[in-house]
Amino acid sequence: MKTPRQEVEAIVAATAQTLYGADVSAGPYVRPCPDTRHGDFQTNLAMVQAKKAGKNPRELAQQIVDALAEHSVFEKPEIAGPGFVNFRLKAGYCAAQTHARSQDVRLGVEPAVQPLKVVIDYSGPNIAKELHVGHLRSTILGDSLARLFRFLGHNVISDNHLGDWGTQFGIVILGYKRDTNKERFEQDPIGYLEEVYVRTQNASKTDDTIREAARAELVKLQAGDPENVALWKSFIDHSLQSLDRTYSRLDVKFDYTLGESFYNDRLPGVVKALLDAGIARETEGAIAVFSDGTLPQKDDPFIVTEKGGAFRDNPFLIRKSDGGFNYATTDLATLQYRKEHFHADKVIYVTDSRQQMHFAQLFATEKRWNLGLNLQHVWFGAILGADKKPLKTRDGGTVKLRALLDEAQERAEKIITEKRPDLEADKRNDLAQVVGIGALKYADLAQNRNLDYVFNWDKLLAFDGNTAPYLINAYVRIRAIFRKLGSEAPQVERLVLAEEAEIALAKKLLDFGDSLTLAADEYRPHYLCVYLFELAGLFHKFYEHCPVLISEGETKTSRLVLCALTAQTLKTGLALLGIKTVEQM
RNA sequence: GCUCCCAUAGCUUAACGGAUAAAGCAACGGUCUUCUAAACCGUAGAGUGUUGGUUCGAUUCCAACUGGGAGCGCCA
């Protein structure tokens with residue numbers, strides 16, 4: 001079913017066609033009023049058309065209002081300010097729409113008319129490195145986008161593009177062979193491999209024989225040496241199990257885990273194809289994609305402009321001079337595979353901001369290669385320490401994701417123990433898991449992903465304001481009402497909305513679909529967070545002003561339905577953020 | 001040197017070219033015999049880094065500048 005915004009949009013668009021025909025400016029015409037005192041929705045069509053035609057905007061606004069006349073969706077529109085036309089939804093329409101949504105498991109959100117095959121590429125850890133705070137954003141942002149697109153009816157494939165190949169494995173294999181503490185590997189494979197890597201890497205800096213030995217191990221691995229291949233496979237197996245434990249705590253799942261090594265066989269073919277197509281060429285022994293001059297200099301990712309307007313090449317290397325392949329080659333092979341095997345329409349990469357140049361080059365290369373994919377780089381800011389400097393990867397100061405989750409749960413449990421000493425320890429533990437992990441995820445998802453993130457325990461776990469605990473609590477309060485009632489909301493023929501708080505809550509409930517499309521269109525789950533926070537706020541207002549259980553007749557049944565729909569909307573919205581709810585807290 | 005990103009209240013942030021720039025935290029003052037006070041209500045607090053430009057209208061678009069961050073040929 002249509003959201004009120006879509007409803008008003010369609011009506012205004014039709015009116016614009018009638019009044020202005022081909023001269024009409026492009027939509028969208030309708031947006032929510034920033035201040036509900038003015039109305040629910042507004043259009044600035046009159047001002048835009050007045051500008052085009054050189055007419056008085058208020059006169060055109062009057063024409064529009066006359067053409068709209070009476071309607072079942074909204075009251076008679078009003079003209080305000082420089083030429084806004086404001087719409088206020090009819091209470092009857094709101095009640096009917098709310099009622100309809102309360103009987104729909106999808107809460108009125110229609111699946112996409114043209115579902116797309118969307119591959120979402122996120123998390124992408126290295127199998128020889130622990131998951132750390134730097135993986136948090138990619139993992140939970142990607143997971144949320146996957147849930148969002150799936151709910152909107154798209155055919156989503158989530159793919160964890162593991163770092164399971166590359167020069168580092170020569171070092172890791174060498175280090176592993178020289179080390180005897182194999183129990184440590186069994187217990188904590190990734191932690192162990194990371195230690196071995198760092199130790200061996202450091203040793204190689206001062207000892208050329210170690211560097212040479214590591215190189216020899218890599219060559220053997222690449223040549224298919226059985227011992228090294230078996231070792232490498234066991235690294236992957238053990239690491240995957242370890243990763244899965246953390247993903248499971250985060251409630252993150254992948255449809256596929258196709259690491260870089262999966263594409264090894266395709267790499268020579270990719271380079272050959274690009275050479276044959278004249279997209280890539282040889283340079284200083286390597287092979288790279290250069291500018292073909294078709295893009296404006298300013299937008300060409302294959303050149304760098306120098307002072308005075310001169311420019312130099314900024315090639316996209318797809319084969320190193322030693323014959324080896326790199327990140328770019330693998331990414332191109334991956335795109336080719338996703339096109340051929342998944343028949344992907346769209347591929348979304350969720351990585352940090354530093355990779356913008358890489359993806360600009362990758363996307364431009366894909367375009368010249370004519371794979372016909374819609375590619376999106378959903379990038380996010382850095383994780384910073386208290387000193388506002390990026391947390392470094394290998395200096396021992398990195399916060400491991402596992403430790404972060406542990407502490408989130410511990411801190412949540414401490415707070416729960418203070419607030420609810422009456423609960424059993426088991427129950428507090430379960431609550432701490434949902435609330436602690438939820439708080440951690442929400443703190444990240446609720447803000448604009450493009451901004452840098454200052455890592456701060458108190459902020460991550462604050463239980464005040466716009467947080468997961470606040471939203472979960474709103475849900476819990478509603479569940480408490482139904483527990484006390486002893487049943488779920490009754491089936492009713494219609495809803496009666498009289499109080500201002502009831503109408504405001506109902507209107508917000510109808511906007512759920514708008515918040516989802518906005519979040520999906522911009523790849524920004526924080527729009528959904530804002531919506532849920534506002535919904536929870538309006539629910540609390542309703543909760544204060546409109547007693548449910550002690551009311552009677554249609555007022556009571558209507559309020560119960562409102563409560564039920566609010567609970568379902570909160571639960572569904574939180575689930576799309578990857579956050580669970582609880583029945584009590 | 002070049003490119004990209006960021007700059008809004010004491011702090012963290014929001015604002016889909018539009019109306020008197022919106023929240024949370026912190027501060028101050030209220031509200032639990034009434035569906036869970038992890039809540040609610042209220043007060044105070046900014047004119048959006050600077051200078052110009054486009055526009056009926058700019059936090060939003062454009063240009064230059066200042067400050068911070070990131071990136072810039074064989075790492076991923």
Side-chain angles (χ1 to χ4, degrees), chain A residues 28 31-35 37-38 42 44 47-48 50-51 57 80-84 86 124 126 163 166-168 260 283-288 298 301 303-308 310-322 324-328 330-331 351-358 360 379 381-382 384 388-390 415-416 418-420 435 446-448 450-452 454 456 458-459 462-467 469-470 472-474 476-485 514 518 521-522 526-527 530 533-534 536-537 540-541 543-545 547-551 559 563 584-585:
Chain A
R31 66 183 52 227
C33 286
D35 186 336
R37 281 175 301 183
H38 296 123
Q42 63 175 224
N44 60 2
M47 292 183 285
V48 174
K51 187 176 189 171
F84 291 106
N86 290 326
N126 190 303
T167 50
Q168 59 189 321
E260 291 170 348
T283 171
E284 295 171 31
I287 293 173
K298 195 175 168 299
I303 55 177
V304 171
T305 304
E306 297 284 12
K307 193 163 77 169
F311 55 88
R312 63 182 165 86
D313 287 319
N314 183 36
F316 190 50
L317 285 148
I318 59 170
R319 201 179 79 186
K320 302 190 278 186
S321 52
D322 67 1
F325 303 101
N326 54 18
Y327 187 37
T330 312
D331 272 356
T351 83
D352 69 75
S353 65
R354 291 174 301 184
Q355 300 190 42
Q356 287 182 92
M357 172 77 85
H358 168 76
W379 59 267
L384 306 178
K388 304 229 172 180
K389 298 243 165 95
I415 294 168
I416 289 162
E418 278 170 24
K419 302 266 182 192
R420 294 295 306 271
V435 173
Q447 76 172 34
N448 184 337
N450 295 141
L451 298 173
D452 285 349
V454 175
N456 177 312
D458 293 331
K459 177 170 173 153
F463 284 14
D464 307 313
N466 185 8
T467 65
Y470 172 84
I472 295 171
N473 185 242
V476 162
R477 287 184 155 196
I478 300 172
R479 296 309 304 158
I481 292 173
F482 288 110
R483 230 180 359 263
K484 190 145 184 176
L485 180 71
D514 290 338
L518 188 60
D521 286 351
E522 307 268 325
H526 88 262
Y527 287 127
V530 168
F533 181 60
E534 287 173 355
H540 277 123
K541 220 166 241 173
Y543 186 87
E544 295 287 325
H545 292 105
V548 177
L549 294 176
I550 60 169
S551 60
R559 286 179 181 177
C563 283
Q584 289 184 60
M585 68 191 283

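Residue numbers start from 1 in every chain, and the chains themselves are labelled A, B, ... in the order their sequence lines are given, proteins ahead of strands. These figures come from a predicted structure and were not determined experimentally.
Note on A/D521: nothing from the nucleic acid sits closer than 4.0 angstrom, heavy atoms only. The residue A/F316 sits apart from the nucleic acid: no heavy atom pair falls under 4.0 Å. Across all strands, A/A80 comes closer than 4.0 Å to base atoms (heavy-atom distances). As judged by a 4.0 angstrom heavy-atom cut-off over every strand, A/E522 is placed among residues making no nucleic acid contact. Base contact: A/I416 has a heavy atom under 4.0 Å from a base atom. Among the atoms of the strands shown, base atoms are found under 4.0 Å from some heavy atom of A/L549. A/D458 comes within 4.0 angstrom of no nucleic acid atom, judged by non-hydrogen atoms across all strands. Residue A/P32 is classed as a base contact, given a heavy-atom separation below 4.0 Å to a base. If you check every strand for non-hydrogen atoms under 4.0 Å, A/V530 touches nothing. Backbone-only engagement by A/Y527 is indicated by non-hydrogen atom pairs under 4.0 Å involving sugar-phosphate atoms exclusively.
Closest to the side chain of A/I481, out of B/G24, B/C5, B/C35, is B/C35.
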**Item:** Per-nucleotide protein contact string for nucleotides 67-76 of chain B, where B marks a base within reach and S marks sugar-phosphate only (heavy atoms under 4.0 Å, - for neither)
**Value:** ---SSBBBSB
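One finds no side-chain N or O of A/N473 lying less than 4.0 angstrom from the OP1 or OP2 phosphate oxygen of B/U36. Contact between the side-chain N/O atoms of A/H526 and the OP1/OP2 oxygens of B/G24 is not found at any separation under 4.0 Å. OP1 or OP2 of B/G57 has not a single side-chain nitrogen or oxygen of A/K51 nearer than 4.0 Å. Applying the 4.0 Å criterion to OP1 and OP2 of B/A37, one finds that A/R477 has a side-chain N or O inside that range.
In this structure, A/F84 forms an aromatic stack with the base of B/A19, since both conditions hold: centre separation below 5.5 Å and plane angle below 30°. Residue ring and base: A/H540 does not count as stacked with B/A39 (centre distance below 5.5 Å and interplanar angle below 30° not both satisfied).
Ring pair A/Y327/A/H358: centre-to-centre distance below 6.0 Å.
Across all strands shown, B/C4 forms a Watson-Crick or G-U wobble pair with B/G69, both key distances being under 3.5 Å. Nucleotide B/A63: paired with B/U51 (Watson-Crick or G-U wobble, both distances less than 3.5 Å). B/A46 is unpaired under the criterion used here, namely a Watson-Crick or G-U wobble arrangement in which both key atom distances are under 3.5 Å.
Side chain of A/D452 to backbone of A/G381: no donor-acceptor contact under 3.5 angstrom is found.
To the nearest 0.5 Å, the span separating CG on A/L549 from CZ on A/R559 amounts to 11.0 Å.
The aromatic rings of A/Y470 and A/H540 sit tilted, their planes meeting at an angle between 30° and 60°.
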